[in-house]
Protein chains: 2
Amino acid sequence: MAGVSRSTVSYALSGKRSISPETRRRVDDAIRELKFTPNAGARSLRTAQTGVLGLLVQFHEDEFAPAMLQYILPITETARTLGYDILMMTENDGAEALTRAAESGMVDGLILLDVIDGDPRVDALRATHQPGVLVGLPGDTRGLDVVDLDFVAAARNLVDHLVELGHRDVVLVSPPRHVFDRGGTYSWRFRDAAVQRASEIGLKLTARYGESQQPAIDANLHEILDESPDATGLIMHNDASVAALPRLLHERGVRVPDDLSVVSLYSRDFARWFSLPYTAIESSPGLLGKVAITQLTQRIAHGDDAGPHGTRLVAAEIVDRGSTR
Amino acid sequence: MAGVSRSTVSYALSGKRSISPETRRRVDDAIRELKFTPNAGARSLRTAQTGVLGLLVQFHEDEFAPAMLQYILPITETARTLGYDILMMTENDGAEALTRAAESGMVDGLILLDVIDGDPRVDALRATHQPGVLVGLPGDTRGLDVVDLDFVAAARNLVDHLVELGHRDVVLVSPPRHVFDRGGTYSWRFRDAAVQRASEIGLKLTARYGESQQPAIDANLHEILDESPDATGLIMHNDASVAALPRLLHERGVRVPDDLSVVSLYSRDFARWFSLPYTAIESSPGLLGKVAITQLTQRIAHGDDAGPHGTRLVAAEIVDRGSTR
DNA sequence: TGTCGTCGTCGAATCGATTCGACGGACAGT
DNA sequence: ACTGTCCGTCGAATCGATTCGACGACGACA
């Protein structure tokens, strides 16, 4: 229709060779007239690039799903601004899904969400030789790009915050025990840092396991609060439990911060969804997603030249919502 | 490696022509040995099928995101069991995203989530001539496959439930006014059915608009409760508001069901995430997703032969959680 | 006037699968 | 022994883009 060869059209589209203004105009007109859109399959066959990133979301049985959502949305948005679409895979067998997507060439790269130590998806990723980035820190990170929150700094900040206000006896509610056992490194990275910091500065800190499913959550929290009647501070590191806390404290007649100072770790969105009024470390899922995708796309574009593989720990800032005294 | 032609391998894989056991064995061995996986791009180029469904998630500014998640998960799972992967698109300009995915042949079909009346994505879908299914009912459904909850039956059930218990004065909290204005048909389908049913059987029903963002939610609920002091029943049709309700009622010292009977409309998952103790119509996002995907894949496979286009309203069942008396 | 570079365009090869028609061999029926 | 089927396999065409080498036209320069 434009009276030129297909190669000329391709060059007009990609700009990889110069094109006379006249020809470019005719090509553009024809494209508009014919409503032409390049076929993704053909393009990916030829270029071995798809413009799609695989997002592997792992819903461990007892995962608190809304917490995952905070990551998914910013990731898809950031990816889009960089020209990528997101193929979301939520299968139980994440390793198999990853392999399938990678080997068949459906994706240019992979994002692994909520990675734990010993995560089978990590082995699968290593085996595919596809660019990938982990959100969540496993034990062995050799040759991997990893992004995670700096849970150690977060825990220290919260402990310091309470100590500065004069608290001498606080309770920490961690994720459930099986999250520790399963390899959720954020659980012990946070707890151990909190415990250590507390002992450094002479704070009595009682670390307890939380629960992640109702009705166990309520029973567990009641028990924890009953058993530490003298504690004046509460550090919540457990999404499902902190979501239930406001109602539970009301039931117990505990006023925050008058009777109890509460601090936690969650995102602004999470706080909004669950009307959480607590001073908290901002877990910055948006920033994490952005860093992860940026890193991944650079790895896709430049391979090993994009710099050394490594772990990026995102700094944690505290948002004061007035729940401490 | 198997000593056969490529076409034979293809037939061995697809089973579209018979293959001798001997040859099949050699092909399988070679495939395993070489770790061969068909290339998705090449396959989709040749067959014009991708094995991918586009999922268009629309986050209206004030959408309550966790509510959306209930739909996304079952959809990806159902799709997978039927052999499809999910390309998730969350862009603001959903119509553009839809067109891009469809025209470039990235997907075999489209799922539109949270469709409203006058939704620009519906026009875009019509323009592409791609199979698609809507979750959420627009005004004009000609030629479309639509799946939605039967909000009319749901509203009637809840009204009847309260009336049978002897309530004579109840309040309905609907979605925010701008959801009505914007074309969220579920909002008025539910409200109008409730109002009509109430008038049929002589129940005083005060319909109010809710809010969807804190802190407006709390102020709004307090106001609504203050202005209907004699109401003995509360019907909540508003995800964000009902999520805040348990805490708010505690603050007001209102006991459920002793002082107030509360019914609502949400899913089991939603109830779990937000510890909601109210008797409610089960909104069945899992079933809706399943029906939608099943319908879509049949449309993909059989086109217009898959039966007439139409709207499937999924029946709503009540789950008694003991919040009424 | 002849040579060389640059610019814009074209033709052909290529990516990796699927599928159609053809074809040779085995076997049954007469 | 001949014909006709059926079965298993192959070769070649095809899907729709990208890209490399080639080539003609044109201007610059000697």
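Heavy-atom basis, side chains included; hydrogens, waters and symmetry copies ignored. Lettering follows sequence order; numbering is per chain, from 1.
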What is the separation between atom [atom1] on [X] and atom [atom2] on [N], rounded to the nearest whole Å?
X        : N      : atom1 : atom2 : answer
B:Leu13  : C:dT19 : CG    : P     : 12 Å
A:Leu34  : D:dA17 : CG    : P     : 11 Å
B:Glu103 : D:dA17 : CD    : P     : 12 Å
A:Arg6   : C:dC15 : CZ    : C1'   : 13 Å

Does a side-chain N or O of [X] approach OP1 or OP2 of [N] to a distance below 4.0 Å, or not?
X       : N      : result
B:Arg46 : C:dT19 : no
B:Ser18 : D:dG8  : yes
A:Lys16 : D:dT18 : no
B:Ser5  : D:dG11 : no

Do [X] and [Y] have side-chain N/O donor and acceptor atoms under 3.5 Å apart?
X       : Y        : result
A:Ser5  : A:Thr8   : yes
B:Gln58 : B:Asp114 : no
B:Thr37 : A:Ser104 : no

Between B:Ala42 and B:Ile19, which residue's closest nucleotide on DNA chain D lies nearer the 5′ terminus?
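Here B:Ile19 is the residue nearer the 5' end.
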
Quick check on DNA chain D: between A:Leu45 and B:Ser7, whose nearest nucleotide comes earlier from the 5' end?
B:Ser7

Any donor and acceptor pair, going by atom type alone, linking the side chain of B:Glu282 with main-chain N or O of B:Ser284 inside 3.5 Å?
yes

Has A:Asp117 got a side-chain atom pairing as donor or acceptor with A:Gly139's backbone, closer than 3.5 angstrom?
yes

Indicate, with a heavy-atom threshold strictly under 4.0 Å, whether [X] touches base, sugar-phosphate, or nothing.
X       : value
A:Thr37 : sugar-phosphate
B:Gly3  : sugar-phosphate
A:Ser10 : base

Looking at B:Tyr11 and C:dC20, is any side-chain donor or acceptor paired with a base atom of the opposite kind under 3.5 Å?
yes

Between the base of D:dG16 and the side chain of B:Arg43, is there a donor and acceptor pair under 3.5 angstrom?
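No such pair is found, so the answer is no.
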
Of the candidate nucleotides D:dC10, D:dT18, C:dC10, which contains the atom at the shortest distance from the side chain of A:Arg17?
C:dC10

